[in-house]
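The structure appears below as structure tokens.
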Amino acid sequence: MLKKLLFLLLFFSASAFSYDLPKDPLASVQWDDMYAAFLKEHPAVFDEKVIVHAPVFAEDPMNVPITVDASQLGEVKEIIIFADFNPIPLIAKYYPVKAKPTLSFRFKIQQASPVRAAVLTDDGVWHVGGMWVNSAGGGCTVASTGRLVGDWADYLGEVYGKEWVNEDANRVRFLIHHPMDTGLVPGIPAFYIEELEFETEAGEELASIKLYEPINENPVLTFDFTPDNKKSTILMSGADNNGNEFEARFKP
Amino acid sequence: MMLRVINALLISLCLPLATLAAEFDYQLNPVKVVKDTYIFEGKTEDFTFGNGGNIVNTGFIVTSNGVVVIDTGPSLRYGEQMRKAISNVTKKPILRVYLTHHHPDHFLGNQAFKGIPIYALGETITSINNEGAGFTDNLYLMVGDWMRGTDSIAPTKTVEPGVVNLGGHKIEILGFSGHTVGDLAIFDHTTGALFSGDLIFHKRTLTTPHANISLWLETIAALKKKPFKVLIPGHGPKSLDKQAMDDVSDYLRWIDVTFKKASEDGLSMTELMAQPIPKQFSGNALLKEEFSRSVTHLYAKYEQAVFKRAN
């Protein structure tokens with residue numbers, strides 16, 4: 001973790017851009033550094049078509065709900081979600097293939113911060129939207145409930161969920177049991193789900209997502225997939241950073 | 001503790017703001033609601049530096065032997081100012097304090113009542129011991145220097161529900177749950193005053209950080225049977241009839257039905273937060289804010305009831 005932080009620090013101090021960054025509508029001093037860390041391969045524009053829904057105050061800093069909706073942009077390649085002032089800013093990277101560019105989940109917030117979604121479109125431009133989430137703080141440096149109770153291992157990897165066949169998409173919502181330790185609590189190393197992939201039973205690739213430390217304990221995620229066959233059973237597979245593998249199937 | 005030091009520093013940097021409330025005077029004004037019975041009515045707002053945390057109703061009953069105090073407010077300063085205001089009404093000693101539940105706006109004035117027995121339900125005492133310090137830090141963050149010197153002090157006596165005669169008042173202690181795991185209400189049979197604590201919010205949207213909706217509904221049904229003349233809710237104006245009770249029940253039932261339907265329809269928390277709220281509740285302060293907070297508090301259980309094992 002320390003290495004990663006040092007690396008980021010070096011990286012930020014060396015950041016110099018060949019083009020002028022657009023002015024941040026959220027007026028965050030971290031914006032330039034966020035761009036350098038996560039988006040610098042492509043130019044960025046702030047775009048109201050990228051909608052980030054979250055409460056303005058984080059009632060529970062361990063579980064801040066968020067919905068990202070970029071469906072007004074049409075086809076997108078990648079969605080990066082990050083919070084400027086989190087000790088670990090990066091929250092998730094979503095790659096919709098046959099899926100709407102929308103997702104919902106909960107994450108941990110350490111202090112008041114802009115929460116942003118950067119959406120990469122086919123023309124190679126990041127479209128960035130976001131909002132400030134206020135917080136009394138502490139979400140990233142508190143041990144998970146599973147650690148405090150000590151029973152997390154009994155449930156690790158259990159998945160509970162459901163698939164809905166809606167008019168515009170097949171929605172899948174699920175909870176996966178995992179402590180999602182940030183590594184910022186003394187004595188508890190980072191331990192989190194790194195990647196989840198989704199496909200139909202027929203092998204049609206739907207989407208994949210990379211998750212990072214700020215995702216909440218026992219994550220609950222929501223996706224809207226658009227498989228060719230609306231009656232598809234959807235398979236999930238994934239792994240955490242300790243090599244534990246997870247699988248689940250959702251029947252409509 | 002560190003938080004408080006930082007906060008004190010921050011506050012001292014905001015001098016123009018600080019001078020606005022330099023006196024830290026809650027301007028507590030005892031209002032008589034029925035014979036021998038007074039309340040200090042708080043604002044129907046959220047915690048801010050501007051209101052110093054005075055968003056709660058506290059009260060007292062003047063018996064022939066002395067004073068019975070109900071809840072001590074959000075801070076040491078509040079508790080001290082409460083005692084001063086009580087002494088302007090009567091010179092009788094304070095006999096005892098009852099706390100309705102363990103939320104910080106109701107008990108953080110305890111320090112001002114040192115040496116006087118402070119009664120609460122067992123569940124309330126346990127919860128104050130577990131969560132009191134965290135609550136206190138949080139309030140320092142939200143209302144700043146109004147909190148100076150305030151620490152979480154646990155009640156000194158466990159109360160069993162039942163009737164007690166105090167200086168000519170037949171006072172019934174009622175033990176419930178629903179808003180929290182331990183909700184005490186006080187019914188004075190002699191005057192007809194019913195102190196409900198936060199089991200009833202009136203013209204202010206209820207809060208749910210420790211709520212259990214079905215228990216809360218059962219509790220209100222039981223409270224409604226008490227032949228009260230005046231109801232003093234935990235937040236908002238007094239009520240002379242059962243309308244405030246029905247309003248709370250209606251809102252709780254609506255939350256339950258709405259969350260259940262949302263979970264069955266597959267809505268995420270943020271999507272549920274964006275749902276329209278019926279007009280019938282629009283007379284309650286902080287409606288949108290509290291509804292959103294309640295989603296965070298309560299929706300996860302509804303989601304999990306819909307999910308099935310998938311591996």
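Chain letters run A, B, ... following the sequence lines, proteins first, then strands; residues in each count from 1.
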- Query: Does B/Thr296 offer a backbone N or O that forms a donor-acceptor pair with the side chain of A/Asp60 under 3.5 Å?
  - Reply: no

- Do side-chain atoms of A/Trp164 reach the backbone of B/Leu267 as a donor and acceptor pair under 3.5 angstrom? no

By a 4.5 Å heavy-atom criterion (distance strictly below it), what part of [X] contacts chain B: side chain, backbone, both, or neither?
X: A/Phe174; answer: backbone
X: A/Leu221; answer: neither
X: A/Glu158; answer: both
X: A/Thr67; answer: both

Between [atom1] of [X] and [atom2] of [Y], what distance do you get to the nearest 0.5 Å?
X: B/Thr207; Y: A/Glu59; atom1: OG1; atom2: CD; answer: 9.0 Å
X: A/Ile51; Y: B/Thr270; atom1: CD1; atom2: OG1; answer: 12.0 Å
X: A/Phe57; Y: B/Glu289; atom1: CZ; atom2: CD; answer: 12.0 Å
X: B/Leu141; Y: A/Ser135; atom1: CG; atom2: OG; answer: 9.5 Å

For [X], does the [atom1] atom sit with more than 12 other heavy atoms under 6.0 Å from it, leaving out its own atoms?
X: A/Lys49; atom1: NZ; answer: no
X: A/Lys230; atom1: NZ; answer: yes
X: B/Lys203; atom1: NZ; answer: no
X: B/Glu264; atom1: CD; answer: yes
X: A/Glu194; atom1: CD; answer: yes

- Assess whether salt bridge (charged side-chain N to carboxylate O under 4.0 Å, His left out) is satisfied between A/Arg173 and B/Glu271, documenting all intermediate values. CA-CA 13 Å; A/Arg173 307 194 70 220; B/Glu271 288 165 335; 6.0 Å; no

- Item | Winner by heavy-atom pair count (cut-off under 4.5 Å) against chain A, out of B/Ala300, B/Gly266, B/Ala274, B/Ser292 | B/Gly266

- Between B/Met269, B/His297, B/Met273, the one whose heavy-atom pairs under 4.5 Å with chain A are most numerous: B/Met269

- Correct closest heavy-atom pair for B/Asn311 and A/Val159 would be OD1-N, 3.0 Å

- Item | Contact origin within B/Ser263 toward chain A - heavy atom pairs under 4.5 Å | backbone

- What part of B/Gln304 is in contact with chain A, defined as an atom under 4.5 angstrom from a non-hydrogen atom: side chain, backbone, both or neither? side chain

- Among A/Arg249, A/Arg171, A/Met236, residue most engaged with chain B (heavy-atom pairs, under 4.5 Å): A/Arg171

- Message: A side-chain contact here means heavy atoms from C-beta on lying under 4.5 Å apart; do B/Glu303 and A/Val220 qualify?
- Response: yes

